[in-house]
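These notes concern the structure reproduced below.
All values below come from the heavy atoms of this structure, side chains included, with hydrogens, waters and symmetry mates left out. As the structure lists them, so they are numbered: ligands from 1, and atoms in each ligand from 1. For reference, positions follow the sequence shown, starting with 1.
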Amino acid sequence: MEVVIVADARSGGDLVAEAVASLIDRRPDALLGVATGSTPAPVYEALAARARSGRVDTKALRIAQLDEYVGLPPEHPESYRAVIRREVLEPLGLDDDAFLGPDGMAADLSEACSAYDRALAAAGGVDLQLLGIGTDGHIGFNEPCSSLASRTRIKTLTRRTRRDNARFFDDDEERVPRHVITQGVGTILEARHLVLFATGEGKAEAVAAAVEGPVSAACPASALQLHPHATIVVDEAAASALTRADYFRQAYAAKPDWQGL
Ligand code: PGA
């Protein structure tokens with residue numbers, strides 16, 4: 001597990017976008033797993049800037065969704081499908097054909113979950129999965145005590161996550177759906193490269209538990225410790241509870257340039 005401490009959200013976004021651009025150079029039709037929420041915005045902005053200036057060619061890129069609210073139609077502006085269309089597909093000039101996601105409106109939700117796992121496998125698996133982290137240590141919508149071997153399935157959000165996400169629903173926690181479909185922790189671990197990006201002091205405790213705590217379902221993000229290629233990019237504030245921050249800084253400063261993330 002590599003921990004990279006950056007000055008701020010913007011430089012972190014730039015660094016992660018560079019890693020995505022380098023993946024696309026190597027593999028133009030890469031399957032990029034995207035996360036929603038506020039944190040990844042600087043990554044998508046930096047990637048779109050590269051695409052606009054011709055520094056990366058995203059026309060064959062494919063995008064996979066991490067999680068989705070149950071019961072929000074795709075046209076609802078806060079459905080994650082709509083968020084991804086707005087923040088990722090449109091800025092990169094991609095259309096819906098480039099997009100894979102679970103159906104949060106399906107009549108048979110468990111079948112929709114299994115179908116999504118099958119679709120990811122049929123697409124060759126996720127090359128690079130971007131992740132955020134919840135203040136409670138969730139990745140995707142795998143809330144604490146999610147099985148570390150879990151597959152895509154329905155989960156119930158905690159009060160804390162619904163409170164955290166109320167800002168997207170006119171600050172009304174009751175309007176945040178209770179149920180979601182999320183790639184399981186086991187599904188996420190199948191991606192070839194995991195990049196977790198976290199910014200702000202509110203994430204410091206969860207980041208420290210994920211990076212330095214025991215591997216435990218109590219902090220689903222700690223499952224990244226089991227992955228052979230996991231990168232944690234954090235700003236100074238999100239790194240502030242790490243006891244080994246100095247070591248992480250030294251290791252990154254001594255890293256050869258050619259290695260990338
Ligand atoms: P945030 O969400 O980026 O909006 O903080 C992260 C998450 O819940 O995974």
* Asked: To which protein heavy atom is atom 3 (O) of ligand 1 closest, and what is the distance rounded to 0.1 Å?
  -> Thr39 OG1, 2.4 Å
* Part of Ile133 within contact of ligand 1 (heavy atoms, under 4.0 Å) -> backbone
* Asked: Would you say the side chain of Phe248 lies within less than 4.5 Å of the side chain of Val4, judging by non-hydrogen atoms?
  -> no
* N or O contact, Thr36 vs ligand 1, cut-off under 3.5 Å -> no
* To do: May I ask you to decide if the ring planes of Tyr80 and Phe141 are parallel, tilted or perpendicular, using 30° and 60° as cut-offs?
  => parallel
* Nearest non-hydrogen protein atom, atom 8 (O) of ligand 1 -> His138 NE2, 2.7 Å
* Proximal ligand 1 atoms for Gly134, defined as those under 4.0 Å from one of its heavy atoms -> 7 (C), 8 (O), 9 (O)
* To do: Kindly indicate, with the supporting measurements, whether the criterion side-chain contact (heavy atoms from CB on, under 4.5 Å) is fulfilled by Glu2 and Leu261.
  => CA-CA 8 Å; Glu2 177 178 36; Leu261 285 187; 4.2 Å; yes
* Asked: Could you walk me through whether Glu173 and Arg160 pass the salt bridge (charged side-chain N to carboxylate O under 4.0 Å, His left out) check?
  -> CA-CA 10 Å; Glu173 188 183 318; Arg160 184 169 179 177; over 6 Å; no
* What is the nearest protein non-hydrogen atom to atom 5 (O) of ligand 1, stated with its residue, atom name and distance? -> Lys203 NZ, 2.6 Å
* **Sub-4.0 Å atoms of ligand 1 with respect to non-hydrogen atoms of Gly37** => 3 (O), 4 (O)
* Say whether, by atom type as modelled, one donor and one acceptor occur between the side chain of Ser150 and the main chain of Gly184 under 3.5 angstrom. => no
* Asked: Are the side chain of Glu68 and the backbone N or O of Thr182 linked by a donor-acceptor pair below 3.5 Å?
  -> no
